[in-house]
Amino acid sequence: MKISIKKPSDFNFRRTVLSHGWCVLPPFEFDKIRWTLVRVLDAAPRPVTVKISAASSTIKVSTSRSLTRKAAGNILRDVRHMLRLDDNLLPFYQAVLADPKFEWIAHEGAGRLLRSPTVFEDLVKMICTTNCSWALTEKMVQALVNELGREADDGCKSFPTAEAMAEHPEKFFRDRIRAGYRAPYLRELAERVASGALNVESWLQSELPHNELMKELKSVKGVGNYAAENLLKLIGRYDGLALDSWIRTRFARTRNQGRAVSDKKISRFYSRFDSWRGLVLWCDMTRDWLDPENVGKW
DNA sequence: GCGTCCAGGTCTACC
DNA sequence: GGTAGACCTGGACGC
């Protein structure tokens, strides 16, 4: 089944897909030859694999089987959500156009950060990125999908639900997922979400100010400043810089002649962009990711 | 092949 | 409020 979605005029498919590492973290797959994003999405009565690519004025979505009107509507909603098609980046582009160093961001339509269909999936993945190499993150997420995901008709699997994760003891996350000390954190998060004690999807509509929402995010065990600020970016809030070792090294190299730099200095550098500073920083640090020699390197 | 060291972000205990 | 040490894994390195 094929679905077409009209592209927003300022939308850049490639910049969105390669906006960060999510596109290669299961169940996402990135086909760099065909420039296609593939993943399994939940649908009734069973999950479906979708392939997403771009034409000149539309985004093309093909599904591994035909769908009811309602299921197709849900897939459409998920794709719009993942690609941030309904985000209004006009104020962001106006802000960067005022500075010659950053006007390329508006000209290229960068700034839409790929996200998962649910905040829960993004949150679990974010915890799996903390305090470890990217290779280990991939291993943990792959194990979650393999062990607990639901199978689509082509054999590919979806990301597990909180309910599926909550059915397993801490030992499972330690031994089978190789989550190490994160095992109790994942178990507790899944249990809180599955029981309804914590509604992470409501963060998308939250009107809480930055600091208060940060406090709520950090109430989740395993989520500190880095993970919370990164998750906020996926929710659409860019006040936080989400500094980690990679960004510090990258900033030192690209903006400070290779010399180590304090977090305060990085913060000052982007402060003029106010509530967009986190997004400007991320675009600035990843500007060369679309260069042919870098595509598919991670 | 084995042992040791190190990087990575968060939590907790302590000052 | 700030800081030190523990948490766990896998890769790099030396022997």
Side-chain angles (χ1 to χ4, degrees), chain A residues 20-22 24-26 113 115-116 119-148 160 162 165 168-193 197-198 200 203 209-235 237-254 256 258-267 270 277-279 281-282 285-286 289 296-298:
Chain A
H20 59 128
W22 256 213
V24 291
L25 216 47
L113 305 181
R115 61 185 172 189
S116 306
V119 176
F120 175 72
E121 180 180 327
D122 281 336
L123 181 52
V124 169
K125 286 177 170 174
M126 206 60 80
I127 291 173
C128 292
T129 67
T130 60
N131 201 23
C132 64
S133 62
W134 182 250
L136 184 56
T137 298
E138 286 183 301
K139 207 168 175 177
M140 285 186 267
V141 174
Q142 182 72 68
L144 281 169
V145 170
N146 285 348
E147 295 278 349
L148 302 175
M165 286 175 62
H168 294 268
E170 182 185 320
K171 189 173 165 26
F172 170 85
F173 293 95
R174 202 175 286 277
D175 298 345
R176 303 289 288 272
I177 307 301
R178 308 297 294 165
Y181 69 91
R182 302 166 199 80
Y185 304 159
L186 295 178
R187 170 74 182 83
E188 183 183 307
L189 170 63
E191 207 282 322
R192 286 175 71 190
V193 171
L198 179 67
V200 297
W203 293 341
H210 175 77
N211 287 345
E212 284 181 44
L213 193 51
M214 276 289 285
K215 211 169 157 183
E216 198 167 322
L217 267 63
K218 285 166 74 173
S219 76
V220 176
K221 287 270 183 64
V223 176
N225 278 343
Y226 152 83
E229 289 183 349
N230 258 330
L231 191 72
L232 282 180
K233 287 182 185 176
L234 298 185
I235 285 167
R237 308 259 204 130
Y238 306 102
D239 306 81
L241 298 179
L243 299 177
D244 63 4
S245 55
W246 182 81
I247 289 187
R248 292 184 184 101
T249 306
R250 183 86 176 162
F251 185 90
R253 198 165 74 217
T254 59
N256 207 41
R259 293 193 303 272
V261 58
S262 70
D263 289 359
K264 273 188 181 170
K265 187 170 179 184
I266 300 176
S267 184
Y270 297 103
R277 57 187 176 268
L279 191 53
L281 171 142
W282 185 253
M285 297 295 99
T286 59
W289 277 18
K297 260 194 175 173
W298 17 263

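Chain A is the first sequence line, chain B the second, and so forth, proteins listed ahead of strands; every chain is numbered from 1.
In this structure, CH2 of A:Trp246 is placed 12 Å from P of B:dG9, rounded to the nearest angstrom. In this structure, the CG atom of A:Asn225 is 7 Å from the P atom of B:dT10, given to the nearest Å. Distance CH2 (A:Trp134) to P (B:dA7): 21 Å, rounded to an integer number of Å. Remark: P of B:dT10 and NZ of A:Lys215 are 18 Å apart, rounded to the nearest angstrom. Spacing between atom CG of A:Asp263 and atom C1' of C:dG2 amounts to 15 Å, rounded to whole angstrom units. Protein atom CD1 of A:Ile177 is 13 Å distant from nucleotide atom P of C:dG10, rounded to whole Å. Atom CE in A:Met126 sits roughly 13 Å away from atom C1' in B:dG9 (whole-Å rounding). The CZ atom of A:Arg248 sits 11 Å away from the C1' atom of B:dG8 (whole-angstrom rounding).
Within the 4.0 Å cut-off from OP1 or OP2 of B:dG8, at least one side-chain nitrogen or oxygen of A:Ser245 is found. In terms of phosphate contacts, A:Lys139 brings a side-chain nitrogen or oxygen within less than 4.0 Å of OP1 or OP2 of C:dG10. For the pair A:Lys221 and B:dT12, the criterion of a side-chain N or O lying under 4.0 Å from OP1 or OP2 is met.
For the atom pair CD of A:Glu188 and CG of A:Leu198, the computed distance is 9.5 Å after rounding to the nearest 0.5 Å. One finds the NE2 atom of A:His20 at 9.5 Å from the CG atom of A:Leu25 (value rounded to the nearest 0.5 Å). For the atom pair OG1 of A:Thr286 and CG of A:Leu281, the computed distance is 9.0 Å after rounding to the nearest 0.5 Å. The distance from atom CH2 of A:Trp22 to atom OG1 of A:Thr129, rounded to the nearest 0.5 Å, is 5.5 Å.
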Could you write nucleotides 3-8 of chain C as a row of B, S and -, 5' to 3', where a protein heavy atom under 4.0 Å of any base atom gives B, of only sugar-phosphate atoms gives S, and otherwise -? ----SS
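For the pair A:Arg248 and A:Asp263, the minimum side-chain heavy-atom distance is below 4.5 Å.
Among all heavy-atom pairs drawn from A:Ala183 and A:Glu170, the shortest one is CB-O, 3.7 Å.
Residue A:Ala227 is classed as a sugar-phosphate contact, given heavy-atom separations below 4.0 Å to backbone atoms only.
Ring geometry for A:Trp246 versus A:Trp282: interplanar angle of 30 to 60°, hence tilted.
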